[in-house]
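Inspection log for the structure reproduced underneath, given as structure tokens.
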Amino acid sequence: MIDVLVVDDDFMVARIHRGFVERIDGFRVVGTASTGEQAVAAVDQLRPDLVLLDLYLPDMFGLDVVTRIRAARHDCDVLVISAAREAEAVRRAVRYGAVNYLLKPFGFDELRTRLEQYAARRAALRAAVVADQADVDRVLSRSGSVATAPALPRGLSPETAELVERALREHEGTLSASECADRVGISRVSARRYLEHYAGTGRAEVSLKYGAAGRPERRYAWVA
């Protein structure tokens, strides 16, 4: 059984996430916290295996919680759940050792997929035997220490993702979802989903272009 601590400043959101986790075989929620200080104390008291960590907490940035629990020599894993779409937030989470980064809002299936992937990696690492460099490489790959392309969300195809990536890579400057759609030959809505995926995983940066009226236009540039 994998013990989970849910950290979110919104008690209703925390309740929903707790319900999601408790529906997944092999996982149980051992506690919740709504502030960074509460999260640090809960990790110390409950010793969870995994922390579902929101970044926007009322008393500190979520990644500062990671610094605190690492300084206290707790080795629990961290899965970031946040509305933060900035590429720098994703990059920092990776540098701080997050096992995954899930953008809010998300559904049960999205969380289940990532928790099941985490459980499989954790089991594989526990069973790993290291006899040579090939074994070391396999262990690092399973743990996420070797960079791999993030898995595509359900409904996105690798072939179309590659076309969208190529359009971003080959274009100097930024592209809007409409411009990307025209280049790739897909709908604007579909292009936006792929672009937001790349932005959410830190492989593309988002900038806002303000016009005379209406909502600002989101524009994307490849950074990975």
Problem set entry | Asp9 side chain to Tyr56 side chain, donor-acceptor N/O pair below 3.5 angstrom | no

Exercise. Just how far is it from atom CD of Glu165 to atom CG of Leu163, taken to the nearest 0.5 Å?
Worked result: 10.0 Å

For this session: Applying side chain to side chain donor-acceptor pair (under 3.5 Å), run through Arg68 and His74 and close with a yes or a no.
Result: CA-CA 9 Å; Arg68 294 271 299 275; His74 296 303; over 6 Å; no

Exercise. Between the side chains of Glu196 and Tyr220, is a donor N or O closer than 3.5 angstrom to an acceptor N or O?
Worked result: yes

For this session: May I have the step-by-step check of side chain to side chain contact (heavy atoms under 4.5 Å, CB included) for Tyr118 and Leu79, ending in yes or no?
Result: CA-CA 9 Å; Tyr118 166 74; Leu79 192 159; 5.5 Å; no

Exercise. Is any side-chain N of the basic residue among Arg73 and Asp44 closer than 4.0 Å to the acidic one's carboxylate O?
Worked result: no

Exercise. When you check the gap from the basic side-chain N to the acidic O, do Arg15 and Asp10 get nearer than 4.0 Å?
Worked result: no

For this session: Could you tell me whether Arg154 and Asp109 make a salt bridge, using a distance below 4.0 angstrom between a side-chain N and a carboxylate O?
Result: yes

For this session: Could you tell me the separation between the CZ atom of Phe106 and the CZ atom of Arg114, rounded to the nearest 0.5 Å?
Result: 9.0 Å

Problem set entry | CZ/Arg91: more than 12 non-hydrogen atoms of other groups inside 6.0 Å | yes

Seminar exercise, completed: All heavy atoms of Arg219 vs all of Ser176, minimum pair found to be NH1-CB, 3.6 Å

For this session: Taking the side chain as every heavy atom from C-beta outward, state whether Val7 and Val51 have any pair of such atoms under 4.5 Å apart.
Result: yes

For this session: Show your reasoning for whether salt bridge (Lys or Arg N to Asp or Glu O under 4.0 Å) applies to Lys104 and Asp54.
Result: CA-CA 9 Å; Lys104 291 180 177 180; Asp54 187 19; 3.4 Å; yes

For this session: Using atom types as modelled and distance alone, determine if a side-chain donor or acceptor of His197 lies under 3.5 Å from a backbone N or O of Gly200.
Result: no

Exercise. Looking at Arg121 and Glu116, does any basic side-chain N land under 4.0 Å from a carboxylate oxygen?
Worked result: no

Exercise. Is Leu53 close to Leu5 at the side-chain level, that is, under 4.5 Å between some pair of heavy atoms?
Worked result: no

For this session: Taking atom CZ of Arg188 as the centre, report whether more than 12 heavy atoms of other residues, nucleotides or ligands fall under 6.0 Å from it.
Result: no

Exercise. With side chains defined as the heavy atoms from C-beta onward, is the minimum distance between Leu52 and Val4 less than 4.5 Å?
Worked result: yes

Problem set entry | Minimum heavy-atom distance between Phe108 and Ile24, given as atom pair plus value | CE1-CG1, 3.7 Å

Exercise. Quick one: are Leu208 and Glu217 in side-chain contact, heavy atoms under 4.5 Å?
Worked result: no

For this session: Could you tell me which non-hydrogen atom of Ala89 sits nearest to which non-hydrogen atom of Leu63, and how far apart they are?
Result: O-CD1, 4.4 Å

Exercise. Got a salt bridge between Glu162 and Arg166, using NZ or NE/NH1/NH2 to carboxylate O under 4.0 Å?
Worked result: yes

Problem set entry | Atom pair CD1 (Ile2) and CG (Asp25), whose distance is rounded to the nearest 0.5 Å | 11.5 Å

For this session: Please say whether the positively charged group of Arg112, taken as NZ for Lys or CZ for Arg, lies over the ring of Phe20, i.e. under 6.0 angstrom from the six-membered ring centre and within 45 degrees of the axis.
Result: no

For this session: Identify whether the distance between the nearest side-chain nitrogen and carboxylate oxygen of Glu170 and Arg183 falls below 4.0 Å.
Result: no

For this session: Spell out, yes or no, whether Leu55 and Leu57 are grouped together once hydrophobic residues are joined by side-chain heavy atoms under 4.5 Å, including indirect joins.
Result: yes

